[in-house]
Each structure stands twice: as C-alpha cells, then as structure tokens.
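Heads up, the thing below is written out as structure tokens.
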Amino acid sequence: MQIAPGLYSIGQKKGGNVHAYLIDDGGPLTLVDTLFDADAGVVIAEITRAGKRVTDLKQIIITHAHRSHIGGLATLKKLSNATVYSHEIEAGIVAGQRKATPVGLWPKPPLQVYYLQAGLALGLSPHVPCKVDQALKDGDHLGPLEVVSAPGHTPGSLAFHWRERRALIVGDVVASWPSIAPGWPGLTLDNDQNLKSVGKLADAGDAEIVCVGHGGPIRQGASSILRQLRDGKTPAGATIADDIGN
Ligand SMILES: [Zn+2]
Ligand SMILES: [Zn+2]
C-alpha cells in the first residue's frame, strides 16, 4: 500500500509481520528489504499493483542480514538483475559465506517472536544466498535516500532517510508490532547500542513517518515517537498502517 507519494509498504505475516518498502520517485525503482518468502511473491504482487514490473526493479537495499529481510533476495536478483546493496559487515552473511551472529536462547521479549529468536540462536532457516554488489556506509546517498548507519540490532544495520517525504526506513532498530518498541530485545545483538541508534534517528531531522521492519509503518509524529523511545517512554496514540498480506 502507498503510504506517501512513491513510498509503498509491503507486509507479510510470516517472519514476524515483516515489512519491506518500495520507492518509486521517478528514478530507479528501489526496494528496501525483501520479506521472508523465497519466491518473493508478495513483493512482486506489490510491484505489479504499483504499475511496474519486476524487471523495472533496479536497486535492492538490505537493512541487515536477518532471515526475514533477505528471504526473497536471490529470486528478485535473478528476475530483475537489480544492484544489491548492504553494509559491508552484513554482506558476507547475505552471500552465505558466514552465518548471522546467533542470539541467546534464553527467552526475551516479545515472546510472540520467540520462534524467531530460537531460529537465530540455533542458525535454523537459512536463506538462499545472494552476492552483494555494493557496500553502503553512513552518509552515502542512493537516489532520494540518505544512508544512516544504525548499529546495535546487528553491527551493520542501516537506516535510510528520505527527507523530501519526511520518512525514515529503519529496519529492526524500531518495531511497531506487537507494540512500538526500540526493536525486539530477544533478536538484538546489542540493545544499548541500538538505543543510541534510535536517538541518532530521532535527531536526524523532523520526520513524520517511520517505516519499521516488523509491523506496519508509523504514519505520524515519527521524530517525537523516536525521542520517546530513546528516553525509555512508551509512545501513545501512534497511527500504524494495517497492511498485512499473507
Ligand atoms: Zn533483524
Ligand atoms: Zn527482522
């Protein structure tokens, strides 16, 4: 579903209500993350709904190398031959050269996603590997997006700032499901560092929209919500788009 001009949210129940985002600003068609399913069917359906074809896809950006976000990557690369981008720290995991750093097995919140925590702890559910073509780092620009390094959830986690749309795409630095929180503690490698990244994004500029990796995008008051999360408060009254596919 379109949440701002040229910005589309794509949700999938599998992989913990995971979300990807399509950017169609008149430049190269760009996808941020690829959802859980290896066939990328949900992503391709949204590209079609947006009036494009999968062969129009020119750039695929990976926020970080966790299974729910890179499931459809290999298929989408094959169908589109888009250029694949990630932080260099994550690239080896995306390419299948090493496994994602495991988290602990001891249950941490949210317990609704303990199966994902256990999967990451035990290295279950591998993705289809795909080579990363180009590395991104803090301050890079890609089309309308400014790259913001946001480590903590993983060391190479990236966020993206689309200033003209007052939108931040933040991967798993913030989650909106099952509640708005500074990420999921059970799947975050360094929660203190992640909270610092939340603060960095809160200070990145006056944003209205936060596109999160799990749960629908937060549609209003993004910067204020990020500041509340940074300060350990529970944000009230946020508007979250409900756009979950299968
Ligand atoms: Zn993650
Ligand atoms: Zn995730």
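Position 1 is the first residue of the sequence; numbering continues from there. Just so you know, ligand 1 is whichever comes first in the structure, and atom 1 is the first atom listed for that ligand.
Inclusion of His66 in the first shell of the Zn ion (ligand 2) is not supported: no N, O or S atom falls under 2.8 Å. For the Zn ion (ligand 1), the N/O/S atoms of His153 include one lying under 2.8 Å.
Aromatic rings of His153 and His66 (six-membered ring for Trp) have centroids within the 6.0 Å cut-off, being under it.
The backbone N or O of Tyr85 lies less than 3.5 Å from no partner atom in the side chain of Asp133, so there is not a single donor-acceptor pair. With Gln193 contributing its side chain and Ala150 its backbone, the two residues share no donor-acceptor pair below 3.5 Å.
Considering all non-hydrogen atoms of both residues, Leu22 and Ala50 come closest at CD2-CB, 4.2 Å.
Expressed to the nearest 10°, the angle at the Zn ion (ligand 1) joining OD2 in Asp172 with NE2 in His64 is 90°.
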